[in-house]
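Worksheet for the structure shown next.
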Amino acid sequence: MKDSHYMVVNNARRAVALPEPRDLLRQFTASRPFRGRLLTAAAVAICTTLPGVVRADPSPDGRVVEVPFVPDSGSLAIYCGKLIDGLTTTAHGPTTVVVRNGRIESLVAGRSAPQAVSSLDLGEATCLPGLIDMHTHLTDRPGDTADLSVYYRRTMEEQLAIARENARATLLAGFTAARDVGTYVGWADRALRDEINAGRVVGPRMQAAGFYLTVPGGGGDLVIPGHPESGIPPQVRMGVARGPEEFRRKAELAVAGGADLLKVIASGAVLAYGGVPGAPEMTPDEIAAVVEVAHRHGLKVAAHAHGARSIREAILAGADTIEHASLIDDEAIELARQHDVALSMDVYNGDYIDKEGREQGWPEEFLRKNLETTEAQRQGFEKAHAAGVPIVYGTDAAVYPHGLNARQFTRMVQRGMTPMQAIQSATSVAAKYMGWADRIGAVAPGRFGDLVAVQCDPLEDISCLERVDVVVKGGLVFRQGTQAASPH
Ligand SMILES: [Zn+2]
C-alpha cells in the first residue's frame with residue numbers, strides 16, 4: 001500500500017484501501033441508502049459518527065487511526081419541505097437552504113440546485129435551526145450523582161472519555177450548540193470544547209464555564225459529609241472563594257484560562273449536600289465582582305439562583321441569565337422583565353430525578369429538595385412567561401442523560417408556551433443570551449449551517465423534536481435517519 005492510501009474498515013468489517021478520502025464517500029454511499037449526495041468532508045464526518053463504519057489510516061504500516069474532519073467546512077443545498085427559521089413566527093413553505101463553507105449563503109423559495117454544491121433532499125421534512133441547550137454539564141452524567149466522591153478520584157482523561165460520549169449524544173439529538181455551565185473536574189469542559197473545535201470529537205458548539213464560582217461548602221463546592229476536606233483534590237475546588245476580592249481573582253483566572261462565560265452559584269443547590277435552594281450563598285457584592293470581570297472581557301454571567309431573593313440580587317448585580325429560578329416571585333419576575341434578563345428554567349428534569357434518581361439510590365436530601373422545587377418552578381415558569389420575561393431553553397442535562405435534551409419542550413408547551421415560542425427559546429432567544437446571535441440560532445444568511453430536520457410537524461406536536469431525523473452542523477451531515485448512534 002502506498003503512503004497516500006487510506007485504510008478503511010467498513011460496516012461489514014471489510015478492510016479496503018482507498019487512494020484518497022474522497023473515495024470514502026463513494027464507498028460509503030454505495031453501501032448505504034442515501035437520498036442525497038454528500039461532499040467528501042460531510043462523508044468523513046458521518047463516517048466518524050457511525051460506530052464501526054470507518055477508521056482510516058494515512059500511513060502504510062497498517063496502524064488504524066480515526067479520520068479527523070474539518071469543522072464547518074460543508075457546502076450543501078438542503079431542500080426542506082417546510083422551514084422554521086427561528087426568527088419569524090410562521091413557517092416557510094418549500095425552501096432550499098444553501099450552505100457554503102460552513103455558513104448559510106442564501107434561502108431560495110422552492111427547489112434549487114446551485115452549482116458545485118451537493119444536495120440533500122428533505123422534501124418530506126420540516127427543517128429548523130440547530131437547537132441550543134443553555135444549561136448542560138457535558139462532562140458529567142446522572143449515574144455518578146449517587147456517589148459524588150467519584151469526582152475526587154477521576155483524572156482529566158477519564159472525565160473526558162465520559163464527556164466525549166455525552167457530546168456526541170447531544171449533537172445527534174439535534175443540539176448543535178450548548179453552554180456547559182460547570183464541571184466538577186475543573187476545565188474538563190474547556191478540554192472537550194477544544195477537541196470539538198479541532199474536529200477530533202463529534203459534539204455541539206460549546207461555551208465552557210471552566211469551573212463553578214461558589215462559596216466554601218456552597219452549591220458548586222464538592223464537600224461531601226464524611227469525607228475530610230483535606231482529601232479533596234484542588235481541581236474540584238478551583239472556583240471556591242469568599243469575599244468580592246477573592247471572587248474577582250477567581251473570575252480573572254477563569255477568563256485568563258479561556259472560559260466563554262462565568263457561572264456563579266448565588267443560592268443553595270438541590271443536588272448538593274447541605275445547601276438550601278431558597279437561601280442565598282453569595283452576597284450581592286460577590287456576584288457584582290464576578291459580573292464586573294466578565295463584562296469587562298465581553299463574557300456573560302450565568303447565575304444559579306433558586307430562591308427569590310438570590311434571583312433579585314443576581315439580576316441587580318448584572319447577571320445575564322438566571323439558572324433554575326425555581327422559587328421566583330412576582331417581584332423577581334418584574335425585575336427580570338425590566339432588566340431583560342433571561343430565565344433558564346429546567347422544567348423537565350424533576351420528573352427524571354424523582355423516578356430514576358430514587359431507583360439509582362441518590363441521597364434522600366437531594367430527592368426531597370427536588371420535590372420542593374419541581375412544581376413551584378413550573379408555576380413560576382408559567383407566570384414569568386405570561387409576564388413577558390425572556391426564557392431560554394436550559395435542561396441541566398447531566399442531571400438526566402445527555403441526548404434526551406428535547407424532552408423539556410413538551411413541559412414548556414404544557415406550561416403556556418406555543419410550540420413556536422418553545423422553539424425560539426431554544427434557537428434565536430438562546431443565541432442572543434449566549435452572545436452568539438451573529439452565528440447561530442436561526443436559518444439565515446451569514447449564520448453557521450446548523451440545521452435539524454424532523455419527519456413531523458413540531459408546531460402540531462412539539463414532542464416530535466425528540467425524534468430528530470437529520471442533524472447538520474457547519475454544513476456537515478452528522479445524522480441522517482437511523483444511521484447514527486442512538487442516545488444512551
Ligand atoms: Zn446545572
Side-chain angles (χ1 to χ4, degrees), residues 132-145 148 151 159 162-163 166-167 170 175 178-186 188-189 192 204 206-215 218-222 236 238-239 254 259-273 275 277 281-282 300-307 310-311 314 319-328 342-353 356-357 362-363 366-367 369-370 373-374 377 381 391-405 407-408 411 430 433-434:
I132 303 169
D133 192 332
M134 293 289 276
H135 190 123
T136 69
H137 304 275
L138 280 164
T139 61
D140 304 344
R141 61 184 180 191
D144 293 326
T145 312
L148 290 171
Y151 293 102
Q159 195 66 67
I162 294 166
N166 297 340
T170 302
F175 286 78
R179 293 201 308 184
D180 187 284
V181 291
T183 169
Y184 284 126
V185 175
D189 55 355
L192 177 67
M206 267 181 78
Q207 287 191 347
F211 46 80
Y212 301 104
L213 293 162
T214 186
V215 299
D221 184 12
L222 201 57
V236 302
M238 291 180 77
D260 304 290
L261 79 153
L262 301 186
K263 169 77 177 298
V264 295
I265 306 294
S267 84
V270 171
L271 302 182
Y273 290 97
E281 289 187 346
M282 286 174 72
K300 308 267 189 207
V301 173
H304 161 114
H306 286 286
S310 287
I311 296 168
D320 301 281
T321 58
I322 302 295
E323 311 298 311
H324 310 297
S326 308
L327 307 174
I328 196 164
L343 307 178
S344 168
M345 301 178 79
D346 46 337
V347 289
Y348 164 71
N349 67 45
D351 296 344
Y352 178 89
I353 294 171
E356 303 288 334
W362 291 16
F366 296 4
L367 298 171
K369 290 192 285 190
N370 175 58
T373 50
T374 296
Q377 185 191 42
F381 176 96
I391 292 180
V392 293
Y393 195 91
T395 65
D396 217 356
V399 159
Y400 73 104
H402 298 275
L404 304 182
N405 310 61
R407 285 193 181 178
Q408 186 171 291
R411 278 270 173 259
Y433 284 91
M434 277 178 104

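Just follow the structure's listing: the first ligand is 1, and inside any ligand the first atom is 1.
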N, O or S of [X] under 2.8 Å from the Zn ion (ligand 1):
X: His304; result: no
X: Glu323; result: no
X: His324; result: no

I'd like to know if Asp351 and Arg411 make a salt bridge, using a cut-off of under 4.0 Å between side-chain N and carboxylate O.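 A salt bridge links Asp351 with Arg411.
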Within the side chain of Asp189, is there an N or O that forms a donor-acceptor pair under 3.5 Å with the backbone of Gly210?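 Such a contact is found between Asp189 side chain and Gly210 backbone.
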What is the NE2(His135)-the Zn ion (ligand 1)-OD1(Asp396) angle, to the nearest 10 degrees?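 Nearest ten degrees: 90°.
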Checking Asp346 against Thr395: is there a side-chain donor and acceptor pair closer than 3.5 Å?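 The answer is no; no qualifying pair exists.
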Go through Tyr352 and Leu404 one step at a time and tell me if the side-chain contact (heavy atoms from CB on, under 4.5 Å) criterion holds. CA-CA 11 Å; Tyr352 178 89; Leu404 304 182; 5.5 Å; no
